Trainee: 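First the structure, which I've put down as structure tokens, then a few questions once you've had a look.
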Amino acid sequence: MVGSKGRKTKNAIIMSRKQADDRHPLVSIIMGSKSDWETMRHSAQTLSEFEVGHECRVLSAHRTPQATADYISEAEGRGVEVIIAAAGGAAHLAGVAAAHTVVPVLGVPMQSPALQGMDSLLSTVQMPAGIPVGTLAIGKPGAINAALLAIAILANSRPSLREKLRQYRKEQTQKILKETLP
Ligand code: RP5
């Protein structure tokens, strides 16, 4: 009886969380400029492939500082569990986001025209101790991996997502093994 009651309770918790997941975006993708979308659409696309609810916003650490602070400060209360922040050049968006929340922040450095993203990478990755940003690779690989890492974080407490990640890796392996060279 106790066991079945426990399972019922557990199921109820899982169901209510699934309902909540369906209602609220779990991942927020923010980027410093609309010009970053061509890269960051790969984050959104990857999350969509895993059916993870997300929202995308243009917010700048420099051009919209107050709106950025307000949005990030409210994200946790709205059910956001991971924030992906992309910026290029003097790329302070991920760091500023991390300063306003304890929700994990993943930074994606954009491939800037002037310095090919080295500026973005260093601005994003060199955070002072105490305010972490998990920084991914420059450009499209970073955008895809930020989404996969966000999914892996969510999957710690969502077994179905973890299974989807395993399946993704299997398919990727099969695809590579089938490659032929001219
Ligand atoms: C950054 O400046 C943005 O993240 C973008 O990568 C870069 C250039 O922005 P735009 O001049 O294209 O708006 O803030």
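Ligands are counted one by one from 1 in listed order, and the atoms in each one are counted from 1 as well. This structure is a prediction, so every number in the text was calculated from the model and none was measured.
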Trainee: Which is closest to atom 11 (O) of ligand 1 in terms of heavy atoms, R63, M110, K34?
Mentor: R63

Trainee: Which of the atoms of ligand 1 are close to A87, meaning less than 4.0 Å from one of its heavy atoms?
Mentor: 4 (O)

Trainee: Looking at ligand 1, does any of its N/O atoms fall within less than 3.5 Å of an N/O of D36?
Mentor: yes

Trainee: How far does CG of L161 sit from CG of L26, to the nearest 0.5 angstrom?
Mentor: 8.5 Å

Trainee: Any donor-acceptor pair under 3.5 Å linking the side-chain atoms of Q167 with those of E163?
Mentor: no

Trainee: Hey, what do you get for CG (L148) to CD1 (I153), rounding to the nearest 0.5 Å?
Mentor: 11.5 Å

Trainee: For atom 9 (O) of ligand 1, state which one of S33, A85, S60, G117 supplies the nearest heavy atom.
Mentor: S33

Trainee: Pairing donors with acceptors under 3.5 angstrom, does anything connect the side chains of T64 and S60?
Mentor: no

Trainee: Could you check whether any heavy atom of H62 sits closer than 4.0 Å to an atom of ligand 1, since that is the contact criterion I want to use?
Mentor: no

Trainee: Just by distance, no angles: are the side chains of Y71 and S28 close enough, under 3.5 Å, to form a donor-acceptor pair?
Mentor: yes

Trainee: Please assess E49 against K164 for the test salt bridge (Lys or Arg N to Asp or Glu O under 4.0 Å), listing each intermediate value before the final yes or no.
Mentor: CA-CA 10 Å; E49 283 166 18; K164 282 186 191 177; over 6 Å; no

Trainee: Kindly identify the option in S35, A61, S123 whose heavy atom sits closest to atom 12 (O) of ligand 1.
Mentor: S35

Trainee: Please write down residue, atom name and distance for the protein heavy atom closest to atom 2 (O) of ligand 1.
Mentor: G88 O, 3.6 Å

